[in-house]
Novice: 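This is the structure I have questions about; it appears just below.
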Amino acid sequence: GESVGLHLPTLSVQEGDNSIINCAYSNSASDYFIWYKQESGKGPQFIIDIRSNMDKRQGQRVTVLLNKTVKHLSLQIAATQPGDSAVYFCAGTSGYSTLTFGKGTMLLVSP
Amino acid sequence: DTAVSQTPKYLVTQMGNDKSIKCEQNLGHDTMYWYKQDSKKFLKIMFSYNNKELIINETVPNRFSPKSPDKAHLNLHINSLELGDSAVYFCASSQEAEWSYGYTFGSGTRLTVV
């Protein structure tokens, strides 16, 4: 089955810095990945997704990179703001199977 | 016009009680889910359900049962609550699509068993 894991750090950055959150997955059949943001007291919120036929996808201030060779993906947040402080999860699936979530990384942005 | 709504937001109850958490989605999605988030923020799938199939995570105790009166609702009923059931429970929904398959989550129900 799918196993998606994060090393669970608390990433502390200064406002304006770029942030990089990493995620490893185990199932080479995984073909779809999503990054979620969870603020305190709220449910996970979709940020950006990527299919396995891509190695990079950009959104507004966010970029997801996928390296299928080493089964690794990352979320890059440009010019990090205090409002970006949250727990970030990667999630993956193959086909339309249920999403499996990683452990989460706490991002703390100080002004 | 909340897309996925859960009630109640907070639930405090005693061991041994039976309780239900309700979930409704107005997105027209075909599939709904229940996830459990533990104190370390780990999200674990409990159930997925569409009008064709219920998929149960085999690690979920049979004290937990999903009930779906219609496509827009998936309630979670819990019998004989235990201390270890304390967690945040999230409902989510999704629709199969050619490209994007992201789940939409509710805001969660924090269950505390005392």
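Residue numbering restarts at 1 for every chain, and letters A, B, ... go by the order of the sequence lines.
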Novice: Top residue by heavy-atom pair count (under 4.5 Å) with chain A, among B:Phe105, B:Tyr33, B:Phe90?
Specialist: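 Top count of heavy-atom pairs under 4.5 Å with chain A: B:Phe105.
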
Novice: Is it the case that one hydrophobic cluster holds both A:Phe101 and A:Leu11, taking links as side-chain heavy atoms less than 4.5 Å apart, direct or via other members?
Specialist: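 Per the 4.5 Å side-chain linkage, A:Phe101 and A:Leu11 are co-clustered.
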
Novice: Please classify the contact between A:Gln45 and chain B as side chain, backbone, both or neither, with a heavy-atom cut-off of under 4.5 Å.
Specialist: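 Contact with chain B involves no heavy atom of A:Gln45 at all.
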
Novice: Measuring heavy-atom distances to chain A, does B:Gln6 have an atom under 4.5 Å in its side chain, in its backbone, in both, or in neither?
Specialist: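 Neither part, no heavy atoms under 4.5 Å.
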
Novice: Measure distances from B:Ile45 to the heavy atoms of chain A and classify the residue's part below 4.5 Å as side chain, backbone, both or neither.
Specialist: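 Contact with chain A involves the side chain of B:Ile45 alone.
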
Novice: Please report the shortest heavy-atom distance between A:Ile34 and B:Gly102, naming the atom on each side.
Specialist: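 Of all heavy-atom pairs spanning A:Ile34 and B:Gly102, the closest is CD1-CA, 3.5 Å.
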
Novice: Count the heavy atoms of every other residue, nucleotide or ligand shown that sit under 6.0 Å from CE of A:Met54, and state whether that count exceeds 12.
Specialist: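 Enclosed.
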
Novice: With a 4.5 angstrom heavy-atom cut-off, could you sort out which part of B:Lys9 is near chain A: side chain, backbone, both or neither?
Specialist: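 The answer is the side chain of B:Lys9.
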
Novice: B:Val60 and B:Trp34: same hydrophobic cluster, using ILVMFWY side-chain contacts below 4.5 Å?
Specialist: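 Same cluster: B:Val60 reaches B:Trp34 through Ile, Leu, Val, Met, Phe, Trp or Tyr contacts under 4.5 Å.
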
Novice: Checking side chain to side chain contact (heavy atoms under 4.5 Å, CB included) for the pair B:Gln37/A:Gln38: CA distance, chi angles, key distance, verdict?
Specialist: CA-CA 12 Å; B:Gln37 186 171 50; A:Gln38 186 179 17; 2.8 Å; yes

Novice: Is it the side chain or the backbone of B:Tyr103 that comes within 4.5 Å of chain A heavy atoms, both, or neither?
Specialist: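 Both the backbone and the side chain of B:Tyr103 come within 4.5 Å of chain A.
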
Novice: Looking only at heavy atoms, what is the nearest atom pair of B:Tyr35 and A:Leu99, with distance?
Specialist: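 Nearest pair, atom of B:Tyr35 first, then A:Leu99: OH-O, 2.7 Å.
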
